[in-house]
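Shown next, in structure tokens, is the structure this report addresses.
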2 protein chains.
Amino acid sequence: MTLDALPTHQGGAEQLARLLAQALLAGHWQPGDVFPRELDIGKHFAVSRNQVRNALTSLTAAGLLERTAGRGTLVREIGDWHLLDPLMSEWMTGLINLDPQLVRAIYAFRYSAEPVVAGLAAQAAQAEDIERLESAFAGMESSAGSVEARAEHAEYDVAFHDATYRASHNLVWRQMGHLLRPSIMALIHRSQHRTDTLDDSLARHRQVLDAIRNRDASGAESAAREVLRRTAIDLGIVN
Amino acid sequence: MTLDALPTHQGGAEQLARLLAQALLAGHWQPGDVFPRELDIGKHFAVSRNQVRNALTSLTAAGLLERTAGRGTLVREIGDWHLLDPLMSEWMTGLINLDPQLVRAIYAFRYSAEPVVAGLAAQAAQAEDIERLESAFAGMESSAGSVEARAEHAEYDVAFHDATYRASHNLVWRQMGHLLRPSIMALIHRSQHRTDTLDDSLARHRQVLDAIRNRDASGAESAAREVLRRTAIDLGIVN
DNA sequence: GTCTAGTAAATGTCTGACATTTCCACAAGC
DNA sequence: GCTTGTGGAAATGTCAGACATTTACTAGAC
């Protein structure tokens, strides 16, 4: 794999890191491949060696690359990637072609975790948390009708789940929710929402909201599970 | 807070990053405080500005610091820390004086998550997973008697929990377990194990192992909950 | 008083040189 | 023939200095 296939670069080291990372996430290089040298990258994108090094430092920190003085830069295998690294999370945003294996793993995680989180939220939610959930749900409702508002609907959907994690009032879960944002977005974009299934999805979200509002922990748990069952159907994981 | 209270530094930028990060994790600086300037740090530890910048880049990536050209470096509040960053995980290893707020948050997360993980493990565990759990438990048993084997016992304890996460056969949970390693270690070191409580802890771990071996998901869930109740008592969170 | 220009101080960036590590080839010695 | 050592090439790692950019503060003009 050469650099020629990549789009032209514009901006600082962060942009360059994002560009290279997404190329790696899309599988443009195979694990074990040697990555281009610093000087070549710098020459190709017309940036200083400093910028290249800063970018490569990020990719290395995320477990995508392995660098050794004298040998060069190697591409690591998927199992070594730091999926929960915030940088990864950022790079995955807007990336639609996720590995199917990864999609299933993330779904399975959410199916096991999110009911618990919803239960915690029902216990710990405060007024502002309820407000966030309500406004996200209202956004989902208002953007449910039209087809062109699909992106907007996805935003509100993600906001709803994020608000749920946040309402648990646990530092770790909250971060988890933040990190899962792009994954959830990818799942939503993969799931084909027809209008009838959309109504069903809305109804299930509403039950989560109501249960949290009523401080009904076990109700929130089962409602969250129902939301994810709906997601599974839309994803084609089950029928 | 000045730099004078910190131990002397020896090694590269990673060592320096670790040193500064641990000082931050221990709460030596308050959120909002200004962090020492690059040149001062370099002078104090007798390292080049480059090393300092590399170290500070890591701390910034982990959400510990916020740097702005012209203003300087500020310490961010605990809610902004990237607790799930692998770097954090590394820095927390061997650190016994964790922020109490952090200890409670991590414990609360484990109390909500680990039962679910144990349940998944009971469903998905394969022969090698059971083996890992068994050998970890055997190590815990053999090192339970003597006082001098306390560090060894902690190792096996951590290995047991790690094996549980791994047995869930979910990529995300597995990484989660890996990231939680140092936190779990810190929790174990904080908990004062007397010999009588240690027997109790062992018995509860055994129940988790048995439930997973018998593919008893709900049994594993409640057993894992019991293990964490024991931990809570040892931590002094509850009586 | 208020706005503005200027100045100091901090982080960000570029550049070139040098250090260190690794691999490879080639030759010497047993 | 096999090992061993030695040297050079190539890659990343480190350093030092100058310069750029951003920010906050201050002094002065009006």
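Computed from heavy atoms alone, side chains included, the values below leave out hydrogens, waters and symmetry copies. On a predicted model such as this, the values are computed, not experimentally measured, just so you know.
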Do the side chains of A/R181 and A/E90 get close enough for a salt bridge, i.e. N-O under 4.0 angstrom?
no
Residue A/N54, side-chain atoms from C-beta onward, closest of C/dT21, C/dT13, C/dT11:
C/dT13
Just how far, in rounded Å, is P of C/dC14 from NZ of A/K43?
17 Å
How long is the line joining CZ of A/R49 and P of C/dA19, in whole Å?
15 Å
Side-chain heavy-atom pair A/L24, A/L65 within 4.5 angstrom cut-off
yes
Please compare A/G70 and A/S48 by the position of their nearest nucleotide in DNA chain C and report the one closer to 5'.
A/S48
Atom CG of A/N50 to atom P of C/dT11: distance rounded to whole Å?
16 Å
Minimum side-chain heavy-atom gap A/P36-A/W29 below 4.5 Å
yes
Could you work out which one of C/dT21, C/dT13, D/dT22 sits closest to the side chain of A/Q51?
C/dT13
Within less than 4.0 Å of OP1 or OP2 of D/dA11, is there a side-chain N or O belonging to A/T68?
no
Quick one: B/L65 CG to C/dA10 P, roughly how many Å, whole number?
16 Å
d(CD, A/Q15; P, C/dG12) in whole Å
17 Å
To the nearest angstrom, the CD1-P distance between A/I41 and D/dA11 comes to 12 Å
How many whole angstroms separate atom CZ of B/R53 from atom C1' of D/dA16?
14 Å
So does A/R67 get a side-chain nitrogen or oxygen closer than 4.0 Å to the phosphate oxygens (OP1/OP2) of D/dG13?
yes
Give a yes or no on whether a salt bridge exists between A/K43 and A/D40, defined as a side-chain N under 4.0 angstrom from a carboxylate O.
no
Is A/R71 close enough to C/dT21 that one of its side-chain N or O atoms is under 4.0 Å from OP1 or OP2 there?
no
To the nearest angstrom, how far is B/E38 atom CD from C/dA9 atom P?
16 Å
Kindly assign one of parallel, tilted or perpendicular to the pair A/H205 and A/H161, based on the angle between their ring planes and the thresholds 30° and 60°.
perpendicular
OP1 or OP2 of D/dT12 less than 4.0 angstrom from a side-chain nitrogen or oxygen of A/R37, does that happen here?
no
